[in-house]
Amino acid sequence: MSQPLARTLGARDLTLLVVGNVIGSGVFLVPALVMRQSGGSLSLSMGIWLAGGLLSLMGAMSFAELGAMDPNAGGLYAYIRDAFGPLLAFLYGWTLFFVIGAGTVAGLAVATSDYLTQIVPLGDAAKRAVAVGLILLMTVINVRGTRESASVQNTATAIKVGAILLMSALLYALGSGDVTAPSTRTPLAPASLSGVGLSVISVLWAYEGWQYVTFVAGETQQPQRTIPIALVAGTVILMATYLLANGAYAAALGPTAMAASERVAGDAVTAVLGPLAGKAIAAAILVSMYSAAHATVITVPRVYFAMAKDGLFFRRLADVHPRYGTPAVAIISSSGIAVALALSGTFEQLLTAVVFIGWIFYALGAAAVIALRIARPDAARSYRVPGYPLTPAVFVLAAATIVINTVITQPVQSVLGLSAVALGVPAFFFWRRRRNSPTS
């Protein structure tokens, strides 16, 4: 049952996968927070979004070198394994499997059902049923074929990016918010260094997710060329989309009203086009969150597939469906945990405690560029990250800043998150001993 995965994904698929995985609900909500922390300064707010995009681009270019060098399933898991050993790589996959990947899908599915209530009234039981139904739908689509799943993802991503572009164009054309006039409302607190720092971290969270595309390297056509194109092009598209949307919100509301908004996209559209159009934003957010969840279901099971092929996880997760050619057991297992988390309602606490851990591994991924340049100087590298070693080093510093800030501001949750990851240490030695056993 274990066989190679078919290479069916092209540059367009991977580029849209980058965009689709990153853009969830953040672009509709986070801009108000950043504007507030910027003291109502549009230029500072836009500069922060640009800086976050450039930092993300540095990470994308770093991972692109690794993806072109090792174009197989597993992506970041494989890069950490090759550069720093199997234990750290396993801990990343362990955390992804039990919390980050499944929790992200559960969280997006539940949030989608919550937003649906703005269009159709739903009770608590109905909302949970919708969330579970969405997870099952994504599971079926992904099990039945990577090519078919990518086509669904491409369509959903195109719809949500198109909706953001249309919204932005209308807000720019019809908005009456004067982005240069002094505020007539209660003045905002002036921007502070700590506020700007928090804003950069918030923006980096909004950009987070582009690295997931490396997980499907083993199903990519001409990966040495396709992966760098997709990572760089997708991140540039994200930067342009975020900057465009931020400017549109300011054009519709003005900086002060934008900073005060709890749902900036809905408030901006309602102010310009009326309450009925505001409901259309709810529909756009539904598509956006579904697309992000679908992208996660496509990508993360490939990590578990790679771990199982290394003999460091449940062996059945390395099985490839004989008819559909997908890692069906890995997909179903991951989705099963997502369903359990969605029904239990515990995913929010789990994600809050653990999701910052991902940035430790993102830092290790960028550091792997430097480590592997030293350890394997003669390895074939069809793409080399520009600005080496500064580019990966700056991204490592940005990721470390996020982790340190989280530990300082949320010490209890940080300890819980690190403890959950530490549980993977005995599990690693169990699977390694089982793999090395003569009877295994």
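Residues meeting the ring pair (Phe, Tyr, Trp, His ring centres under 6.0 Å) test with Tyr383, sequence neighbours left out: none. Partners of Arg302 according to the side chain to side chain donor-acceptor pair (under 3.5 Å) rule, which considers only residues two or more places apart in sequence or in another chain, are Thr146, Glu219. By the ring pair (Phe, Tyr, Trp, His ring centres under 6.0 Å) test, Tyr207 pairs with Tyr242, sequence neighbours left out. Partners of Trp210 according to the ring pair (Phe, Tyr, Trp, His ring centres under 6.0 Å) rule, which considers only residues two or more places apart in sequence or in another chain, are Phe63, Phe395.
Under the side chain to side chain donor-acceptor pair (under 3.5 Å) criterion, no residue pair touches residues 230-239, with sequence neighbours excluded. Pairs of residues two or more places apart, or lying in two chains, never qualify as ring pair (Phe, Tyr, Trp, His ring centres under 6.0 Å) while including a residue from residues 114-136. Judged as a ring pair (Phe, Tyr, Trp, His ring centres under 6.0 Å), not a single pair has a partner in residues 7-34 (not counting sequence neighbours).
Counting only distance, with no hydrogens or angles, the side chain of Ser261 and the backbone of Arg263 share a donor-acceptor pair below 3.5 Å. Here the side chain of Gln224 pairs no donor or acceptor atom with the backbone of Ser382 at under 3.5 angstrom. Looking only at distances, no side-chain donor or acceptor of Asp70 sits under 3.5 Å from a matching main-chain atom of Gly67. No donor-acceptor pair under 3.5 Å is formed between the side chain of Arg7 and the backbone N or O of Gln221. Formation of a donor-acceptor pair under 3.5 Å by the Thr117 side chain with backbone atoms of Asp114 is found in this model.
In terms of heavy-atom proximity, Ala245 sits nearest to Val27 at CB-CG2, 3.9 Å. Scanning all heavy atoms of the two residues, the minimum distance from Ser168 to Leu244 falls at CB-CG, 3.7 Å. Minimum interatomic distance between Ser202 and Leu33 (heavy atoms only, all atoms of both residues): OG-CD2, 3.6 Å. Between Gly93 and Tyr304, the shortest heavy-atom distance links the atoms O-CE2, 3.9 Å. For the pair Tyr77 and Val303, the tightest heavy-atom approach, listed with the atom from each and the gap, is CB-CG1, 3.8 Å.
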If you look only at distance, which donor and acceptor atoms sit under 3.5 Å apart when one is on a side chain in residues 397-408 and the other is two or more places apart or in another chain?
unit_1	atom_1	unit_2	atom_2	d
Thr401	OG1	Leu397	O	2.8
Thr406	OG1	Ile402	O	2.8

Using residues 329-336 as the side-chain source, report each donor-acceptor pair under 3.5 Å to any protein atom, sequence neighbours left out, with the distance given to one decimal.
unit_1	atom_1	unit_2	atom_2	d
Ser333	OG	Val329	O	2.8
Ser335	OG	Thr139	OG1	2.7
Ser335	OG	Ile331	O	3.1

Check residues 97-110 and write down every donor-acceptor pair under 3.5 Å in which the side-chain atom is one partner and the other belongs to a residue at least two apart or another chain.
unit_1	atom_1	unit_2	atom_2	d
Thr104	OG1	Ile100	O	2.6

Hey, can you pull the donor-acceptor pairs under 3.5 Å for the side chains in residues 44-62, sequence neighbours left out?
unit_1	atom_1	unit_2	atom_2	d
Trp49	NE1	Asn246	OD1	3.0
Ser56	OG	Gly52	O	2.9
Ser62	OG	Met58	O	2.8

N/O donor to acceptor pairs below 3.5 angstrom from side-chain atoms of residues 287-295, sequence neighbours left out:
unit_1	atom_1	unit_2	atom_2	d
Ser288	OG	Ile23	O	3.3
Ser288	OG	Gly24	O	2.5
Tyr290	OH	His294	ND1	3.1
Ser291	OG	Gln153	NE2	3.0
Ser291	OG	Thr157	OG1	3.2
Ser291	OG	Lys160	NZ	3.3
His294	NE2	Ser149	O	3.2
His294	NE2	Ser149	OG	2.9

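The CG atom of Leu364 sits 14.5 Å away from the CZ atom of Arg81 when rounded to the nearest 0.5 Å. Atom CG of residue Leu171 and atom CG of residue Leu273 lie 6.5 Å apart, to the nearest 0.5 angstrom. Rounding to the nearest 0.5 Å places CZ of Arg36 at 9.5 Å from OG of Ser199. Taken to the nearest 0.5 Å, the OG1 atom of Thr299 stands 11.5 Å off from the CG atom of Leu76. The CG atom of Leu91 lies 10.0 Å from the CD1 atom of Ile360; values are rounded to the nearest 0.5 Å. Going from atom CG of Leu134 over to atom CG of Leu116 covers 8.5 Å, rounded to the nearest 0.5 Å.
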Exercise for the section: Show your reasoning for whether side-chain contact (heavy atoms from CB on, under 4.5 Å) applies to Leu253 and Val264. Expected result: CA-CA 9 Å; Leu253 296 173; Val264 65; 4.0 Å; yes

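Using a 4.5 Å heavy-atom threshold, the side chains of Leu66 and Thr214 count as separate. At a threshold of 4.5 Å between non-hydrogen side-chain atoms, the residues Thr15 and Ile237 count as touching. Leu170 is not listed as a side-chain neighbour of Val272, based on a closest heavy-atom distance of 4.5 Å or more.
Note on ring orientation: taking the six-membered ring where Trp is involved, the planes of Tyr362 and Tyr92 are perpendicular (angle over 60°, cut-offs 30° and 60°).
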